[in-house]
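Read the structure below first, then the notes.
Order of listing sets the numbers, starting from 1, for every ligand and every atom in it. Throughout, numbering of the chain's residues begins at 1 and tracks the sequence.
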Amino acid sequence: MNRRNFLRNLTATGLTGGACAALLVGEGEEGETSAEAGLRPPGAVDEEEFLSRCIRCFRCGDACPNRAIVALNEVNGADFSRLPKHGERGTPAIFPRRQACMLCVDVEADELLCTAACPTGALELVKKTSEDIQAKVKMGRARIDTNICYSYNGASCGVCVRACPFEGKALKAGFFERPILNEDWCVGCGLCERACIRYPQAISVEGLEQ
Ligand code: SF4
Ligand code: SF4
């Protein structure tokens with residue numbers, strides 16, 4: 001399936017829901033002083049169940065063509081003193097500001113590769129269809145800071161809207177290309193945060209547990 005067809009499929013129809021988990025991490029490689037969200041990969045089951053199933057094999061990370069998944073450790077910025085009770089070393093996470101999940105959009109595959117690689121069901125198998133992604137993927141939710149977003153402050157930007165795989169559904173452009181979020185469609189992939197040209201980012205993805 002080519003990119004255009006996949007994106008068309010992605011925006012065709014869908015349901016919302018699915019499990020998600022989020023971890024809190026501290027200062028990252030790029031020197032952020034504020035906390036940023038670390039998200040579980042797509043298809044992650046409920047966090048407690050995820051930790052009981054995940055054997056820290058990192059097959060999901062090895063399978064990711066976008067190198068979006070890292071194993072949590074001190075080197076990649078996880079601050080374990082601030083993690084919620086379930087956060088653990090060696091488990092997989094995505095930090096959208098460094099590398100976001102692109103939902104395997106350019107990959108010839110029927111399923112999201114990380115979910116197909118997981119041997120334990122910690123990541124539920126997700127087909128590369130709009131319906132399955134919407135039903136099973138909820139990594140987090142986007143948040144827009146209208147106080148600093150260029151499009152809400154006299155300029156026209158819209159970069160995040162164009163980066164969204166569900167453009168026109170999860171993010172649509174308003175006046176001056178102001179991003180307008182529909183949480184029902186947002187799966188928390190982080191491509192908007194990754195694309196935002198404002199620093200600190202005017203749009204970011206936070207985990208549902210934050
Ligand atoms: S869905 Fe694809 S791009 Fe996203 S984390 Fe999984 S393997 Fe990587
Ligand atoms: S492939 Fe599955 S079991 Fe292995 S680290 Fe990733 S989530 Fe955990």
In sequence, state the C-alpha distance, the side-chain angles, and the governing distance for Tyr150 and Val159, and then conclude on side-chain contact (heavy atoms from CB on, under 4.5 Å). CA-CA 10 Å; Tyr150 288 130; Val159 168; over 6 Å; no

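- Under the 4.5 Å side-chain heavy-atom criterion for grouping Ile, Leu, Val, Met, Phe, Trp and Tyr, Leu191 is not connected to Leu181 through any hydrophobic cluster.
- Annotation: atom 2 (Fe) of ligand 1 to nearest protein heavy atom, Cys104 SG, 2.3 Å.
- Between Asn182 and Lys169, the shortest heavy-atom distance links the atoms CB-O, 3.1 Å.
- Atoms of ligand 1 lying under 4.0 Å from any heavy atom of Cys64, numbered from 1 in the order shown and given with element: 3 (S), 5 (S), 7 (S), 8 (Fe).
- In terms of protein heavy-atom proximity, atom 8 (Fe) of ligand 2 is closest to Cys54 SG, 2.4 Å.
- For atom 8 (Fe) of ligand 2, the N/O/S atoms of Cys118 include none lying under 2.8 Å.
- Side-chain contact of Thr91 with Arg40: a donor-acceptor pair under 3.5 Å is present, judged by distance alone.
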Begin with the C-alpha distance, continue with both residues' side-chain angles, and end with the deciding distance and a verdict on side-chain contact (heavy atoms from CB on, under 4.5 Å) for Cys192 and Cys164. CA-CA 6 Å; Cys192 53; Cys164 178; 5.6 Å; no

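- The minimum heavy-atom distance linking Asp106 with Met102 is given by the pair N-SD, 4.3 Å.
- Annotation for ligand 2: atoms under 4.0 Å from non-hydrogen atoms of Phe58 are 4 (Fe), 5 (S).
- For Ile69, every heavy-atom contact with ligand 1 shorter than 4.0 Å involves the side chain, none the backbone.
- Shown in contact with Leu123 at under 4.0 Å from a heavy atom are these atoms of ligand 2, numbered in order with element: 7 (S).
- Between Pro42 and ligand 1 there is a heavy-atom distance shorter than 4.0 Å.
- From the protein, the heavy atom lying nearest to atom 4 (Fe) of ligand 1 is Cys101 SG, 2.3 Å.
- Here Ile55 has heavy atoms under 4.0 Å from ligand 2 in both its backbone and its side chain.
- Scanning all protein heavy atoms for the shortest distance to atom 1 (S) of ligand 2 gives Cys60 N, 3.3 Å.
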Full working for side-chain contact (heavy atoms from CB on, under 4.5 Å) between Ile180 and Leu171: CA-CA 5 Å; Ile180 299 169; Leu171 270 185; over 6 Å; no

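- Although no hydrogens or angles enter the test, the distance criterion places no donor-acceptor pair under 3.5 Å between the side chain of Lys127 and the main chain of Leu112.
- Of the protein's heavy atoms, Cys114 SG, 2.3 Å lies nearest to atom 6 (Fe) of ligand 1.
- For the pair Arg98 and Phe95, the cation sits on the ring face: its NZ or CZ lies under 6.0 Å from the ring centre, inside 45° of the axis.
- Listed by number with element, the atoms of ligand 1 under 4.0 angstrom from any heavy atom of Pro65 are 7 (S).
- Under the 4.0 angstrom criterion for non-hydrogen atoms, Gly43 is not in contact with ligand 1.
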